Structure formats: structure tokens, C-alpha cells
Amino acid sequence: MTETVPFGFTLHGQDGTARTGEIATPRGNIRTPAFMPVGTAATVKAMYPGQVRELGADVVLGNTYHLMLRPGPERMARLGGLHTFMNWERPILTDSGGFQVMSLSALRKIDEQGVTFRSHIDGTAHHMSPERSIEIQGLLGSDIQMQLDECVRLPAEHKAIEKAMHLSLRWAERCRVAFGEQPGKALFGIVQGGDVPALRIESARALTDLDLKGYAVGGLAVGEPQAVMFAMIETVEPHLPQAKPRYLMGVGTPDDILGAVARGIDMFDCVMPTRAGRHGLAYTRNGRVNLRNARHAEDTAPLDETSSCPAARDYSRAYLHHLVRSNEILGMMLLTWNNLAYYQDLMAGARAAIREGRFADYCASTREGWVRAERAAAG
């Protein structure tokens, strides 16, 4: 690894608002648009690290809250950092723990200084300030670190959204100071503001003034319709720097991702492909396939005979159905493998289409494949 490589972002092409480019880091470059497999607790569930890399993933995501609880950041540092710990030498982005402020609302208390959590594991109390969040991410050795923020589940009252947005801005300033100068690494700010356009614009402009290395759009895909999510991206996009990467947090379905790429987003993460794989659902170019359904019990066809992924190409739907219905671990592994392969293929196709000026056609043909399969399945 060459520690002297600076963190940077280069645009290689645009097609309308859709962009393709490359994020440079000392641990390797990240091709955008990029989908980051989620490795919450230092593992992409049901996958070997080498498999994840072979599928084309340039970066994975880890979670500060979960790794804070176990094995603990100080222990992680003593063991050589997160990259060494999980045998992943490529870039890692760490979520700050802000999402858990929302998702574990019954276990936390927020004030100006930060968030006090009660561990969902053993009930012990932990305090995470903006400074501590950055310290933990530094101990983990994260390449891209996220500011601590407050994420509000939608729908919500205007007053609550505004209060959380301003608190997140103040925390962003504190995270910027705590982060300092870390050559080759980056701190990303998180635009908040719920479904209120004026608040989103205010947040984006204030964060841009901090001159961070990248910007995320947070607080979406948390209960609002897809149309609202797309509208908020369209609201924010003109107010974010063109020369820096944009990350839509926690998104999403393949259709969500294509729509967000069309609106200028560069990076994505979501538990959907891995979680779906563990529950018998496969994502393919022909749409979603629920392997629990009895109609697959004697289907000798694979999920996708044209796929480069062995999980999609070399196993019959009947066998996958059997594994899923029998709750066999191999079924979870194969479907997770298939799903992550599909997501990475989707992103590779998007990058090529943007470079060649045919992204709208790519989206249309991809969606038509899903619809055509759904019609056939319906009879």
C-alpha cells in the first residue's frame, strides 16, 4: 500500500446528470457509481472477502456502532485495524453510528454533546460524541469516515426535522475539527433535512462551506415513497460540489439505485442484497425470484444461465429451493453470492453506459427485463 496517494475524485464521464468516475485512495481506487457491500460487524454475511472482491466490489462498509460494542475499537487497533482483522485490504467506509440513533431509538438519549446508547447486546451504557465517533473510526483504520448525525424517520414534523438537521450541522463542524488532517483519508458530511426542500438546501450549502472530501445524502429510504426520495436528491444535487463524490446512504433496490444514479449519485450501500439472500430471495436480470415458492421445486433451470457468477449459473432453482426450504447454510451463501454479483454487474453496466452516452437506454432495457419476467411469472 502506498500511503502517499492522496484522496481524490476524478470524473471520467457524464450522461445528463449521471456520472462515472473514480475515487483515489491509498488502498486502491473506487470506480463510481459504486455499490458498497455492507460488512456491519467486520463481515459481509455469508461471503468470503475474496469472493466479494472477485465480484468487483472496490470498497465495503463497516459500522462504527456495532464495532464499538464488539470487539471494541481499542482492541481492533491493537489487532492491526479493521482491514487486517477482516482480511480486506481494499478501502473501507465506516458509518458513524448516526443511523442507530434512529433505528435504536428506544435505547438512546440525544443531547448537544452526543448520543448515549444502551447496548442492544447487554444493556450497558455507551456515550458517542462527534469526537468519539471520529476517534473510533480512526482506531478502526477507516479510509472514508462519516460525520455523526441525527437521522429522523419519515414522516416527521417540520420542527423535529429542522432541529435534527441543525444538530447534525453542529456535529459536522465538530467532526471536521476532530478529524484534522489525515493524509489519504476522507471525512464525508451528511446532508439532512427530511422531506423539506429548504432544509435540505440549507444543510447542503452549510456542509459545502466546510470543504469536506465528500458528501452524503442521509435520512432517505426511511419510510418515504420513492418519488419523495428522488425529489430530495434532485433538490440537493445542484448544491453539492461537482468535483467531489456523492453518497446516498442505505439505498437500496436496483430500481432505487438506477434512479439515483440518473440524478447524480456516485455511491450506495444497502443490506438488501445480503439480507434477501439469507431469506430465500434472489435478484437477477429477470427480476426478483423467491426461491421459497413451491413452483421452483422441480425447476431445473438456473437463476441466470448467462451470469458470470457460479451461484447464478451452475445450480438449479430446484436445488436452491431445497436448500432454502431446508434452511441450509449453503442456500444463504449461494443466494447472497448471486445477489451481490447482480448488484456489482448492475453498477458495471451503469458505468459503461454513462461513458458511452446511453444510460437512459440502459435503464430502460434493464427495467424492461424485470417487467417482462414478472409478466411471464404471472402467466
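Computed from a predicted structure; not experimentally measured.
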Could you work out, with salt bridge (charged side-chain N to carboxylate O under 4.0 Å, His left out) as the rule, every residue matching [X], not counting sequence neighbours?
| X | result |
| --- | --- |
| Glu181 | Arg176 |
| Lys45 | none |
| Glu74 | Arg132 |

For the residue pair [X] and [Y], establish whether any side-chain heavy-atom pair is separated by less than 4.5 Å.
| X | Y | result |
| --- | --- | --- |
| Val217 | Met232 | no |
| Leu340 | Gln51 | no |
| Leu220 | Arg200 | yes |
| Arg351 | Arg355 | yes |
| Asn339 | Thr274 | no |
| Met128 | Ile136 | yes |
| Leu258 | Leu346 | yes |
| His321 | Asn293 | no |

Could you tell me which residues satisfy side-chain contact (heavy atoms from CB on, under 4.5 Å) with [X], sequence neighbours excluded, listed by chain and number?
| X | answer |
| --- | --- |
| Asp256 | Gln226, Met229, Val251, Thr253 |
| Thr40 | Val38, Asn63, His66 |
| Val196 | His158, Ile161, Leu199 |
| Ile201 | Arg205, Thr235, His239 |

To the nearest 0.5 Å, what is the distance between [atom1] ([X]) and [atom2] ([Y])?
| X | Y | atom1 | atom2 | value |
| --- | --- | --- | --- | --- |
| Thr94 | Leu67 | OG1 | CG | 8.5 Å |
| Asp345 | Met347 | CG | CE | 11.5 Å |
| Leu61 | Met36 | CG | CE | 5.5 Å |

Restricting to non-hydrogen atoms, name the atom on [X] and the atom on [Y] that form the minimum distance, rounded to 0.1 Å.
| X | Y | value |
| --- | --- | --- |
| Leu212 | Lys244 | O-NZ, 2.6 Å |
| Gln113 | Ser129 | O-CB, 3.3 Å |
| Phe7 | Ile144 | CE1-CG1, 3.9 Å |
| Asn87 | Pro49 | O-CB, 3.5 Å |
| Glu224 | Val222 | OE1-N, 3.0 Å |
| Gln14 | Gly16 | NE2-O, 3.5 Å |

Discussion item. Between His12 and Thr10, do the side chains contain a donor N or O and an acceptor N or O under 3.5 Å apart?
Written reply: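 Checked: Thr10/His12 side chains show no N/O donor-acceptor pair below 3.5 Å.
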Worksheet item: Would you say the side-chain atoms of Gln192 and Glu202 include a donor-acceptor pair closer than 3.5 Å?
Response: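 No, Glu202 and Gln192 have no side-chain donor paired with an acceptor closer than 3.5 Å.
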Practice prompt. Apply the side-chain contact (heavy atoms from CB on, under 4.5 Å) test between Pro91 and each candidate in Val60, Asp143, Ile23; give the one that qualifies.
Written response: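 For Pro91, the side-chain contact (heavy atoms from CB on, under 4.5 Å) check succeeds only for Asp143.
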State whether the side chain of [X] and the backbone N or O of [Y] hold a donor-acceptor pair below 3.5 Å, judged by distance alone.
| X | Y | value |
| --- | --- | --- |
| Ser96 | Gln147 | yes |
| Arg325 | Leu320 | no |
| Thr300 | Ser316 | no |
| Trp171 | Glu131 | no |
| Thr64 | Asp95 | yes |
| Asp149 | Cys151 | no |

Over 12 non-hydrogen atoms of neighbours within 6.0 angstrom of [atom1] in [X]:
| X | atom1 | value |
| --- | --- | --- |
| Arg170 | CZ | yes |
| Arg288 | CZ | no |
| Ile121 | CD1 | yes |

Given the rule that I, L, V, M, F, W and Y join up when any side-chain heavy atoms are under 4.5 Å apart, are [X] and [Y] in one cluster?
| X | Y | value |
| --- | --- | --- |
| Ile190 | Ile92 | no |
| Leu140 | Trp88 | yes |
| Leu281 | Met333 | no |
| Leu210 | Met146 | no |
| Tyr48 | Tyr315 | no |

Fill in: Ring centers of His120, Tyr65 separated by less than 6.0 Å
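They qualify: ring centres under 6.0 Å apart.
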Worksheet entry | side-chain hydrogen bond (donor to acceptor under 3.5 Å, both in side chains) partners of His279, counting only residues at least two apart |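 With sequence neighbours excluded, His279 shows a side-chain hydrogen bond (donor to acceptor under 3.5 Å, both in side chains) to no residue whatsoever.
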Item to complete: Among Gln137, Lys185, Gln182, find the residue that satisfies the side-chain hydrogen bond (donor to acceptor under 3.5 Å, both in side chains) test when tested with Gln145.
Response: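 Option passing the side-chain hydrogen bond (donor to acceptor under 3.5 Å, both in side chains) with Gln145: Gln182.
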Let me check something: any side-chain donor-acceptor pairs from residues 303-312 under 3.5 Å, sequence neighbours excluded? List them with distances.
{"residue": "Asp304", "atom": "OD1", "partner": "Arg285", "partner atom": "NE", "Å": "2.9"}
{"residue": "Asp304", "atom": "OD1", "partner": "Arg285", "partner atom": "NH2", "Å": "3.2"}
{"residue": "Asp304", "atom": "OD1", "partner": "Thr306", "partner atom": "N", "Å": "3.0"}
{"residue": "Asp304", "atom": "OD1", "partner": "Thr306", "partner atom": "OG1", "Å": "2.7"}
{"residue": "Asp304", "atom": "OD2", "partner": "Arg285", "partner atom": "NE", "Å": "2.8"}
{"residue": "Thr306", "atom": "OG1", "partner": "Arg285", "partner atom": "NE", "Å": "3.0"}
{"residue": "Thr306", "atom": "OG1", "partner": "Arg285", "partner atom": "NH2", "Å": "3.4"}
{"residue": "Ser307", "atom": "OG", "partner": "Cys309", "partner atom": "N", "Å": "3.0"}

Item to complete: Using the ring-ring contact (aromatic ring centres under 6.0 Å, His included) rule, collect all pairs that involve residues 324-355, keeping only residues at least two apart or in two chains.
Response: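 Output for this query lists Phe35-Tyr343, Tyr283-Tyr343.
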Worksheet item: Between Glu89 and Arg53, is there a side-chain N and carboxylate O pair less than 4.0 Å apart?
Response: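 Salt bridge flag = no for Arg53 with Glu89.
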Practice prompt. Kindly state each residue pair satisfying side-chain hydrogen bond (donor to acceptor under 3.5 Å, both in side chains) with at least one member in residues 358-368, sequence neighbours excluded.
Written response: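 Sorted pair list: Asp255-Arg367, Glu356-Arg358.
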Going by atom type alone, with no hydrogens or angles, which donor-acceptor pairs under 3.5 Å involve a side-chain atom of residues 259-273 and a protein atom two or more places apart or on another chain?
{"residue": "Arg263", "atom": "NE", "partner": "Glu234", "partner atom": "OE2", "Å": "2.8"}
{"residue": "Arg263", "atom": "NH1", "partner": "Gly259", "partner atom": "O", "Å": "2.8"}
{"residue": "Arg263", "atom": "NH2", "partner": "Glu234", "partner atom": "OE2", "Å": "3.4"}
{"residue": "Asp266", "atom": "OD1", "partner": "Arg19", "partner atom": "NE", "Å": "3.0"}
{"residue": "Asp266", "atom": "OD2", "partner": "Arg19", "partner atom": "NE", "Å": "3.4"}
{"residue": "Asp266", "atom": "OD2", "partner": "Arg19", "partner atom": "NH2", "Å": "2.9"}
{"residue": "Asp266", "atom": "OD2", "partner": "Arg246", "partner atom": "N", "Å": "2.8"}
{"residue": "Asp269", "atom": "OD1", "partner": "Tyr247", "partner atom": "OH", "Å": "2.7"}
{"residue": "Asp269", "atom": "OD1", "partner": "Gly250", "partner atom": "N", "Å": "2.9"}

